[in-house]
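What you see is a predicted model; the values in this text were computed from it and never measured. Below, read A as the first sequence line, B as the second, and so on, with proteins coming before strands; counting in each chain starts at 1.
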Amino acid sequence: MALQIYNTLHRRKEPFRPIEPGKIRMYVCGITVYDYCHIGHARVMVCFDAIVRYLRSQGWDVTYVRNITDIDDKILNRASENGEPFDALTARMIDAMHADERALGVLPPDIEPRATGHIDDILDMIGTLVDGHYAYAADNGDVYYRVRRFPDYGKLSGKNPDELLAGARVDPDAAKEDPRDFALWKSAALGTVGWPSPWGWGRPGWHIECSAMSTCHLGATFDIHGGGPDLPFPHHENEIAQSEAATGKPYVHCWMHAGPVRVDDEKMSKSLGNFFTIREVLEKYNPEVVRFFLLSSHYRSPINYSEANLREAKAGLDGLYFAIRGKIGRDTSVAIAPFAVEEMRGNAYFQRFVQAMEDDFNTREAITLMQELAGSINHCARAGEDWSQQVRVLVGIGATLGILQQDPEDYFKTCVGQGGLTAGGSALVGFESGLTVDQLITERNQARANRNFASADAIRDQLKAAGIVLEDSGKETRWRRE
RNA sequence: GGCUGGAUGGCAGAGUGGUCAUGUAGCGGACUGCAACUCCGCGUACGCCGGUUCGAUUCCGACUCCAGCCUCCA
C-alpha cells in the first residue's frame, strides 16, 4: 500500500508523491522561545518525530527542518519584564527545549534554523515582494504584505478573502492599505533590538521568517509542511501568500496539521492559562508514558490531557514492557537484538504496522497491534512456545515509533518526579531508614524462609507505601515502582 | 455569524456495507503463603430521523450536540 497523507490544502487523504524520487523535504513550524514548551508543543514534536522515524525506516531520504523563532514581540516583552537581554532569554529557553525533547525521545531535526540567523534571507524576500508590488512600505516604517494582490489568499484555510474583510477581528491599523494586510517588517526605534534594512531599522514579522528559512533550506517548492492546529490561519496562509508571490512557484505539496491538546476537557490556551509545561508534566509522569500517550491517538484527533488518561497510558505501556520483561535486556541471559526492518518484512504484525502507518500515520492502530503482539508473546510464554521472534518484532516496531527501547528493568525502576528524569537505582527515595530496597528484600526473604509471613508482609506493605511493588517469581524477588 | 472536523461499549480509541477491534476499568475463574505478572471467561457499542440496499455503526440527506480556527497560542 502506498503512503497516504491527509493534506489540509485539499482536505482529504492523498497518495504521497515526492518531488524527487525517494526524497522527502519537510519543514515543521517550531517554537517561539520565550517560555518553556508546553504539552501542545510536545504533541507536535513527538508526532512529527515518529513520522520522520517511520519514513526513514521505510527507506525515505528525509530532510527534516524545524525552525526556532527567536525574535518576536513576545520575546522582547518577556525579556524586558525579566530585565535581561532578549538573546539571554532565548538561549535559556532553547536549552530547555532541547532538554525537553531529549526527555521525550525526540530526535533533533536535520536543520534547526533560527530567525535571527536568516535576516538577510528575510530581507531579500521582502525586497522581492516590494519590487513585485506584493508589499509596500507604510508611513509608519512598517512593510506590509498586500493581501489583495494575491488572488489565492485563503485557499489553505478555506476562507473567503472578502468575508475576512467583513470579519470584525482583523486589526484595523491606520497605516495599512487594507485591514487584512500583515506585517513583513516591523520598524523599531534605533537603539532597540533590530537590524538595518532598506526600510529602516526594525525586525521581521512572524510569518516571513518561515517562508525565508524554508525556501533557503528546502527550495521554493518542497514536499511537506507541518505544524500545530492553530497555524493554518493566519500563519500558513500568509506563508503561502509570501512564498508563492516571491518565487512564482507552488510553495508546498502537502500540509499536515496536528490536532489540539485539551486539558481536562477544556481548550488549552495561553490566555486561559491552563497549559502545562513539559517539565511540569514530567514531574508526574515517566517521559516515555507521555510519549506513548501522545502517540496513542491519531495525530489529527483532539486529545485530552487528564490524570485518568495519563494513568491509562501508563497501564498500556507497562503492559508492553511486561511482555518483554525478562526476555530482553541486560538482566536476561537471552540477549535479543530487535529485528532490522528488512528482517521484519515477512512478519504479519509488521505488515499490519506498515499498513497502519502508510494510512496517514495511524499510530493508534500501530499501538493496538503492538498490544496484540504483547498478548501473543504472553500466551506463548505461558504455553511454553517460542516467543523470541515476536519479542524482536515488538521491539523493532517500538524502535520505529521511538518507544519500548529501554531495558525493561530501567523502565520499571524509573523514579518519576523529584526532579529526576533518571532511572532509579536501588536507593529507596523518601525512605528514612536509609535502607535500600535490596536490603529489605533480603530481610523479607529470610522471614519468608522462616515462614514468618507477618514480618514478610509488613515489609511488603512498607515498600508498597513507598510506591514499590515486590514480585516473587521462583527463587527471585524483583521490584518495580508503581 | 463564516470555515473545518467530529459524535462508537464505564472510560480511552481504531475500523468496517453482512461472523472479532484493541486497550483500560469492572466481574468470575486459574496461578500465588499473601501479592505482582500472566492466562482463561464475561459484558447485547456505534447521537437522532429519514433514504439507498437483501442487509448500514459503516453510503446519502436533514436534525441535534460537541470541538478547532476566524484574537497571542503547537
Participant: Which part of the nucleic acid does A/Gly154 contact within heavy-atom distance under 4.0 Å: base, sugar-phosphate only, or nothing?
Facilitator: nothing
Participant: Between A/Asn160 and B/C3, is there a side-chain N or O to OP1/OP2 distance below 4.0 Å?
Facilitator: no
Participant: When we call it a touch if two heavy atoms are under 4.0 Å apart, what does A/Phe453 touch: a base, just sugar-phosphate, or nothing?
Facilitator: base
Participant: For the side chain of A/Arg460, counting heavy atoms from C-beta on, which of B/A14, B/A74, B/C34 is nearest?
Facilitator: B/C34
Participant: Between B/G41 and B/G5, how many Å separate the two C1' atoms, rounded to a whole number?
Facilitator: 40 Å
Participant: Let's test your reading of the model: under 3.5 Å, does the base of B/A74 pair with the side chain of A/Arg43 as donor and acceptor?
Facilitator: no
Participant: Quick check: any donor-acceptor pair below 3.5 Å linking the side-chain of A/Asn362 to the base of B/G15?
Facilitator: no
Participant: Check this one for me: any side-chain N or O of A/Ser301 less than 4.0 Å away from OP1 or OP2 of B/A14?
Facilitator: yes
Participant: Heavy atoms from C-beta onward define the side chain here; which of B/C34, B/U38, B/C73 lies closest to that of A/Ser269?
Facilitator: B/C73
Participant: Please classify the nucleic acid contact of A/Met268 as base, sugar-phosphate, or nothing, using heavy-atom distances under 4.0 Å.
Facilitator: base
Participant: With rounding to whole Å, what would you report as the distance between B/G43 and B/G9 at their C1' atoms?
Facilitator: 9 Å
Participant: Report which part of the nucleic acid A/Asn378 touches: base, sugar-phosphate, or nothing (heavy-atom distance under 4.0 Å, all strands).
Facilitator: sugar-phosphate
Participant: Would you please confirm or rule out a distance under 4.0 Å between OP1 or OP2 of B/A12 and any side-chain N or O of A/Asn309?
Facilitator: no
Participant: Between A/Glu471 and A/Gly30, who's closer to the 5' end of RNA chain B by nearest nucleotide?
Facilitator: A/Glu471
Participant: Just compare B/U4, B/C37, B/A14 and give me whichever is closest to any side-chain atom of A/Ser297.
Facilitator: B/A14
Participant: Give a yes/no on whether any side-chain N or O of A/Lys74 is located under 4.0 angstrom from OP1 or OP2 of B/C73.
Facilitator: yes
Participant: Please pick, from B/C73, B/G33, B/A21, the nucleotide with the shortest atom-to-atom distance to any side-chain atom of A/Glu365.
Facilitator: B/A21
Participant: Rounding to an integer number of angstrom, what distance separates B/G61 and B/A12 when you compare their C1' atoms?
Facilitator: 31 Å
Participant: Just to confirm, is there a sub-4.0 Å distance from OP1 or OP2 of B/G68 to any side-chain nitrogen or oxygen of A/Arg262?
Facilitator: yes
Participant: Testing A/Asn140, A/Asp73, A/Asp72 for side-chain hydrogen bond (donor to acceptor under 3.5 Å, both in side chains) with A/Lys186, which one passes?
Facilitator: A/Asp73
Participant: Using a cut-off of 4.0 Å on non-hydrogen atoms, how would the nucleic acid contact of A/Glu312 be classed: base, sugar-phosphate, or nothing?
Facilitator: base
Participant: Identify whether any heavy atom of A/Arg66 sits under 4.0 Å from a base atom; if not, whether one sits that close to sugar-phosphate; answer base, sugar-phosphate or nothing.
Facilitator: nothing
Participant: For the base of B/C72, is there a side-chain donor-acceptor partner from A/Ser271 under 3.5 Å away?
Facilitator: yes
Participant: Quiz question: going by heavy-atom distance under 3.5 Å, is there a donor-acceptor pair between the base of B/U38 and the side chain of A/Arg382?
Facilitator: yes
Participant: Out of A/Asn238, A/Ile122, A/Asn67, which one pairs with A/Cys210 under the side-chain contact (heavy atoms from CB on, under 4.5 Å) rule?
Facilitator: A/Asn67
Participant: Could you give the distance separating B/G51 and B/C42 at their P atoms, to the nearest angstrom?
Facilitator: 37 Å
Participant: Phosphate oxygens OP1/OP2 of B/U24: is one of them under 4.0 Å from a side-chain N or O of A/Lys314?
Facilitator: no
Participant: Using the C1' atom on both, measure B/G10 against B/C27 and round to a whole Å.
Facilitator: 13 Å
Participant: Regarding A/Gly158, tell me which of base, sugar-phosphate or nothing describes its non-hydrogen contacts under 4.0 Å with the strands shown.
Facilitator: sugar-phosphate
Participant: Just checking A/His257: base, sugar-phosphate only, or nothing, at a heavy-atom cut-off of under 4.0 Å?
Facilitator: nothing
Participant: Base, sugar-phosphate or nothing for A/Arg478? Non-hydrogen atoms, less than 4.0 Å.
Facilitator: nothing
Participant: In this structure, are over 12 heavy atoms from other groups packed under 6.0 Å from A/Glu266 atom CD?
Facilitator: no
Participant: Is A/Arg300 touching bases, backbone alone, or none of the nucleic acid, heavy atoms closer than 4.0 Å?
Facilitator: nothing
Participant: At 4.0 Å (heavy atoms only), tell me whether A/Lys464 reaches a base, stays on the sugar-phosphate, or touches nothing.
Facilitator: nothing
Participant: Under 4.0 Å: is that the gap between some side-chain N or O of A/Thr368 and OP1 or OP2 of B/A14?
Facilitator: no
Participant: Using the P atom as the reference point in each nucleotide, state the distance between B/U19 and B/G33 in Å, no decimals.
Facilitator: 45 Å
Participant: Looking only at atom P, what distance separates B/C46 and B/C37, rounded to whole Å?
Facilitator: 32 Å
Participant: In terms of ring plane angle, is the pair A/His225 and A/Tyr27 parallel, tilted or perpendicular, where the classes change at 30° and 60°?
Facilitator: tilted
Participant: Reckon A/Pro232 touches a base, only the sugar-phosphate, or nothing at all at heavy-atom distances under 4.0 Å?
Facilitator: nothing
Participant: Any idea which of B/G13, B/U38, B/C34 is nearest the A/Phe322 side chain?
Facilitator: B/U38
Participant: Would you classify A/Leu470 as touching base, sugar-phosphate or nothing, given that sugar-phosphate means primed atoms plus P, OP1 and OP2, and contacts are heavy atoms under 4.0 Å?
Facilitator: base
Participant: Nearest heavy atom decides the nucleotide; on that basis, is A/Val44 or A/Asp265 closer to the 5' end of RNA chain B?
Facilitator: A/Asp265
Participant: Mind checking the C1' distance from B/G47 to B/G6? Whole angstroms is fine.
Facilitator: 11 Å
Participant: Using 4.0 Å as the upper bound for N to carboxylate O, is an ion pair formed by A/Asp35 and A/Lys270?
Facilitator: no
Participant: Please confirm whether the shortest side-chain N or O distance from A/His379 to OP1 or OP2 of B/C40 is below 4.0 Å.
Facilitator: yes
Participant: Go through B/U24, B/G33, B/C70 for me and flag the one nearest to the A/Arg448 side chain.
Facilitator: B/G33
Participant: May I ask you to decide if A/Ala96's main-chain N or O and A/Arg279's side chain share a donor-acceptor pair within less than 3.5 Å?
Facilitator: yes
